[in-house]
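Predicted model, so just to flag it, every value in this text is computed and none were measured.
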2 protein chains.
Amino acid sequence: MANNDSHSGKRLTLKDVAAKADVSPITVSRVVNGYDGVRANVREKVEAAIAELGYIPNRSASVLASSKSKLIGVLIPSLSNVVFNDVLRGIYDIATPANYQVLLFNTHYSAAEEERAIRTLLGQSPEGLIITGGEQTTAAKAMLQASAVPVVQIMGEVDNPIDINVGFSHFDAGAAVAQLLLDKSYSKIGFIGARMDRRTCERLAGFEHVLSAANSLDKTRVITTPEPSSVSKGALLFRELMTITKGDCDAVFCCNDDLALGVLHESKKMQLKVPEKFGICGFNDIEMAAYAEPALSTVRVNRYNMGSKAMEVIFEKITSPGDKTTPIANYINTGFELVTRKSTR
Amino acid sequence: MANNDSHSGKRLTLKDVAAKADVSPITVSRVVNGYDGVRANVREKVEAAIAELGYIPNRSASVLASSKSKLIGVLIPSLSNVVFNDVLRGIYDIATPANYQVLLFNTHYSAAEEERAIRTLLGQSPEGLIITGGEQTTAAKAMLQASAVPVVQIMGEVDNPIDINVGFSHFDAGAAVAQLLLDKSYSKIGFIGARMDRRTCERLAGFEHVLSAANSLDKTRVITTPEPSSVSKGALLFRELMTITKGDCDAVFCCNDDLALGVLHESKKMQLKVPEKFGICGFNDIEMAAYAEPALSTVRVNRYNMGSKAMEVIFEKITSPGDKTTPIANYINTGFELVTRKSTR
DNA sequence: TGAACAATTGGTTGCGCAATCATTTTATGT
DNA sequence: ACATAAAATGATTGCGCAACCAATTGTTCA
């Protein structure tokens with residue numbers, strides 16, 4: 001058991017273990033780092049000493065000496081948004097077994113905070129970075145470029161990827177929803193959006209593109225707020241939509257399921273028949289969507305995959321840094337899928 | 001702007017900046033770390049050099065030299081559980097402005113994984129640790145004790161806190177729910193639980209304690225699974241409950257709102273009148289609870305507070321390490337609150 | 001104007017580890 | 001048994017920074 005507090009409070013080092021095991025410090029280092037070239041009896045002796053002293057290697061010293069950090073930096077814009085839970089799970093599930101650590105930063109949808117986080121992160125010699133979207137500041141992009149660290153931009157399709165892009169086209173997804181609603185013979189289709197980050201705007205753009213082509217676009221039916229989304233915000237915005245359009249609206253695409261659930265709730269209070277008189281489509285396919293009454297049509301997205309894929313790509317880059325024979329694709333499309341349930345005809 | 005890639009790819013150091021600004025490295029260090037005792041003109045000169053070169057300090061070297069890491073380790077058992085989002089937000093909201101980093105580990109409800117994470121974490125000289133619950137292995141507890149790092153155990157009430165405990169009594173919360181249900185004249189009250197970690201078990205224990213005292217406890221009405229909880233699992237377990245009890249059950253306490261939402265959904269399919277014939281109470285008060293139909297009675301918990309309070313306590317400990325005059329309370333009760341809505345009489 | 005002091009700046013050193021190369025030990029084959 | 005190769009182990013050094021103390025510069029007041 002650990003009893004490293006006995007000697008004057010000084011931190012235990014390789015040297016202490018080496019003295020105990022009667023080998024050189026570097027041999028201890030080799031045991032700790034799992035090198036093969038250590039004879040079994042020596043390794044056992046060292047391991048015994050480590051266990052007895054309760055030695056814990058100093059990562060800072062290790063990183064400084066080897067410039068290998070086993071660290072992956074992850075920047076996400078929000079901790080409240082459930083969407084990132086799944087992404088994070090995907091990241092951790094790949095990173096942790098490979099003995100990599102994840103350093104997570106919340107950028108609060110701010111490019112300035114993001115730049116600060118990148119600067120901090122780059123001071124720790126990360127071996128890879130996973131960042132959300134492509135709206136980094138010029139300075140941030142320059143730092144990333146200069147650092148030569150593998151960078152994966154996730155969630156959306158990015159115009160000029162810094163390095164690699166894992167995500168899907170929100171424009172296409174928005175367009176697909178618009179087409180679905182048109183196909184189901186809705187014609188006065190509105191949009192409700194909150195937060196309005198880049199990806200949400202792209203969803204809206206794709207949506208408007210299709211409606212416009214079908215001559216069904218009326219921008220007064222587009223209700224958005226920069227504030228974060230929630231179920232209650234969905235209800236609120238829906239009331240606004242109905243007021244502004246005087247009820248002249250027969251379907252709505254909500255930029256996420258929370259909002260849609262709020263709309264659904266509110267439409268029941270208004271005694272609007274869903275889906276007959278009014279169609280609702282959400283986005284993300286959170287579990288509750290399937291359990292709403294009526295069950296919510298929505299767009300399913302591979303959130304977990306986005307995270308795990310991003311990590312895998314980083315590992316590929318790390319392991320074969322200069323391998324030009326099998327170049328890594330710089331865009332990996334994780335796709336999306338329309339899920340039609342009972343909230344649309 | 002940054003153009004640090006020009007010189008032979010070698011990492012920029014304090015020395016490079018010092019040369020450029022024509023001062024000593026240590027002065028640059030002082031500027032970087034925001035010490036007061038640097039004359040304005042010198043500071044500006046140095047800052048200009050930093051900006052021009054795009055210098056980013058090496059954190060490993062800094063930590064090694066100063067043994068100050070500005071690092072807080074956080075161990076949570078699950079990334080899927082939404083509960084931890086709010087806790088994390090609370091932690092980050094306090095830590096980030098203070099320039100502290102958060103290193104997050106997912107222990108997957110495993111004490112062994114937790115021990116591994118603690119070992120890894122302690123190798124990085126964290127200035128504080130936030131861990132979930134009190135079920136650490138003996139070795140883990142010993143390491144923590146020996147490390148002398150402030151440790152906050154969050155979420156539940158812990159028997160022998162390693163250091164500080166921030167949370168509330170799940171036993172009391174479970175008891176309060178049981179009492180509520182009894183007060184509403186339900187008498188055949190069941191329990192549905194998933195995952196069954198320590199805190200869930202305590203909720204159940206409190207619940208059983210009250211029912212037993214009221215002579216209303218029937219353990220066949222307690223349905224649990226070690227698997228993770230979800231809405232669909234709630235529906236599933238509810239069907240099981242109804243089968244096993246042959247419908248002889250008029251209320252249920254679900255160990256979280258997801259499960260309760262599933263029960264609610266299923267009870268509608270069974271045409272059970274809620275709350276007249278059947279009462280449902282959840283736990284956590286997630287946003288959807290208020291928007292369910294009927295709105296879900298549940299227990300509100302200060303998740304965000306648990307996180308922010310934990311961080312605050314750590315900062316107190318860091319800033320006044322030996323201050324024995326104003327000792328920090330070793331248990332901070334964040335409380336809970338019964339929220340009665342329409343799913344109970 | 002010049003002490004006397006305070007405020008600022010600099011030099012040296014070591015934090016704990018792994019890379020590199022040198023040395024010793026062991027295995028292999030004849 | 002011996003040479004040779006191969007494997008295991010060790011000694012030295014530097015990673016980039018901040019602590020510590022010394023040297024310098026600036027400031028204040030008589």
Side-chain angles (χ1 to χ4, degrees), chain A residues 4 7-47 49-50 53-71 120 122-125 127 147, chain B residues 4 7-47 49-50 53-71 120 122-125 127 147:
Chain A
N4 49 347
H7 322 293
S8 71
K10 269 193 71 70
R11 173 161 197 154
L12 279 167
T13 71
L14 278 183
K15 225 194 285 182
D16 300 310
V17 178
K20 183 112 198 165
D22 197 32
V23 295
S24 76
I26 190 67
T27 300
V28 178
S29 167
R30 286 197 262 256
V31 171
V32 168
N33 294 292
Y35 282 76
D36 306 329
V38 178
R39 217 155 290 161
N41 60 329
V42 176
R43 151 161 285 131
E44 279 158 24
K45 209 167 51 173
V46 172
E47 277 168 351
I50 289 174
L53 294 173
Y55 168 70
I56 297 175
N58 183 324
R59 187 148 182 149
S60 299
S62 168
V63 173
L64 183 60
S66 70
S67 47
K68 270 179 227 135
S69 64
K70 294 269 192 177
L71 215 213
T120 309
L122 288 180
Q124 313 186 49
S125 327
E127 296 186 35
S147 73
Chain B
N4 49 346
H7 323 293
S8 72
K10 269 194 72 69
R11 174 160 197 154
L12 279 166
T13 72
L14 278 183
K15 225 194 284 183
D16 300 308
V17 179
K20 183 113 199 165
D22 198 30
V23 295
S24 76
I26 190 69
T27 300
V28 178
S29 166
R30 286 196 263 255
V31 171
V32 168
N33 294 293
Y35 280 77
D36 306 328
V38 179
R39 218 156 288 160
N41 60 329
V42 177
R43 152 162 282 130
E44 280 158 23
K45 210 167 51 174
V46 172
E47 276 168 352
I50 289 174
L53 295 172
Y55 167 71
I56 297 174
N58 183 324
R59 188 151 183 146
S60 299
S62 168
V63 173
L64 182 59
S66 71
S67 45
K68 269 178 226 135
S69 63
K70 295 269 192 176
L71 216 212
T120 309
L122 288 180
Q124 314 186 48
S125 326
E127 296 187 35
S147 73

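- Checked by atom type and distance alone, the side chain of E127(A) pairs as donor or acceptor with a backbone atom of S69(A) at under 3.5 Å.
- For T13(B), counting side-chain heavy atoms from C-beta on, the closest listed nucleotide (dG16(C), dT9(D), dC17(D)) is dC17(D).
- With rounding to the nearest 0.5 angstrom, the OG1 atom of T120(A) is 11.5 Å from the NZ atom of K70(B).
- Of the options V32(A), L14(A), L12(A), a side-chain contact (heavy atoms from CB on, under 4.5 Å) to P57(A) is made by V32(A) and by none of the others.
- Dashed line: the shortest gap from a side-chain N or O of S67(A) to OP1 or OP2 of dC15(D) is not under 4.0 Å.
- Between K68(A) and the phosphate of dA19(C), there is a side-chain N or O to OP1/OP2 separation shorter than 4.0 Å.
- Distance check, rounded to the nearest 0.5 Å: CZ of R30(A) to OG of S24(A) gives 6.5 Å.
- We find that CG of L64(B) is positioned 4 Å from C1' of dC15(C), with the value rounded to whole Å.
- An OP1 or OP2 oxygen of dA18(D) is reached within less than 4.0 angstrom by a side-chain nitrogen or oxygen of N33(B).
- If you measure from atom CG of L12(B) to atom P of dC15(D), you get 14 Å, rounded to the nearest angstrom.
- Using a 4.0 Å cut-off, no side-chain N or O of S24(B) falls inside it from OP1 or OP2 of dG11(C).
- OP1 and OP2 of dC17(C) both lie 4.0 Å or more from every side-chain N or O belonging to S29(A).
- Atoms CD (Q124(A)) and C1' (dG16(D)) sit 14 Å apart, rounded to a whole Å.
- Atom pair R59(A):CZ and dG16(D):P shows a separation of 19 Å (rounding to whole Å applied).
- Between Y35(B) and the phosphate of dA7(C), there is no side-chain N or O to OP1/OP2 separation shorter than 4.0 Å.
- Between Y55(A) and dC17(C) there is a side-chain polar atom (N or O) within less than 4.0 angstrom of OP1 or OP2.
- Among the atoms of the strands shown, only primed sugar atoms or phosphate atoms (P, OP1, OP2) are found under 4.0 Å from some heavy atom of P57(A).
- Both A61(A) and I26(B) lie close to DNA chain C; mapped to their nearest nucleotides by heavy-atom distance, the more 5′-ward contact belongs to I26(B).
- Residue contacts shown for V63(B) are absent, as no nucleic acid heavy atom lies under 4.0 Å away.
- A pairwise comparison of heavy atoms in K45(B) and D22(B) identifies NZ-O, 4.2 Å as the closest pair.
- Separating the CD1 atom of I56(A) from the P atom of dC17(C) is a distance of 11 Å, rounded to the nearest angstrom.
- Formation of a donor-acceptor pair under 3.5 Å by the S125(B) side chain with backbone atoms of S67(B) is not found in this model.
- The listed nucleotides are dG10(D), dG16(C), dA18(C); the one nearest the side chain of V23(A) is dG10(D).
- If you take CG of L14(A) and P of dC15(C), they are 13 Å apart, rounded to a whole angstrom.
- Judged by atom type and distance alone, R30(B) reaches the base of dG10(C) through a side-chain donor-acceptor pair under 3.5 Å.
- Put simply, CZ on R43(A) is 13 Å from C1' on dT9(D), counting in whole angstrom units.
- Remark on DNA chain C: of its neighbouring residues N58(A) and R39(B), the 5'-side contact belongs to R39(B), judged by nearest-heavy-atom nucleotide.
- Taking atom CG on D22(B) and atom C1' on dT9(C), their separation rounds to 12 Å, with Å as the unit.
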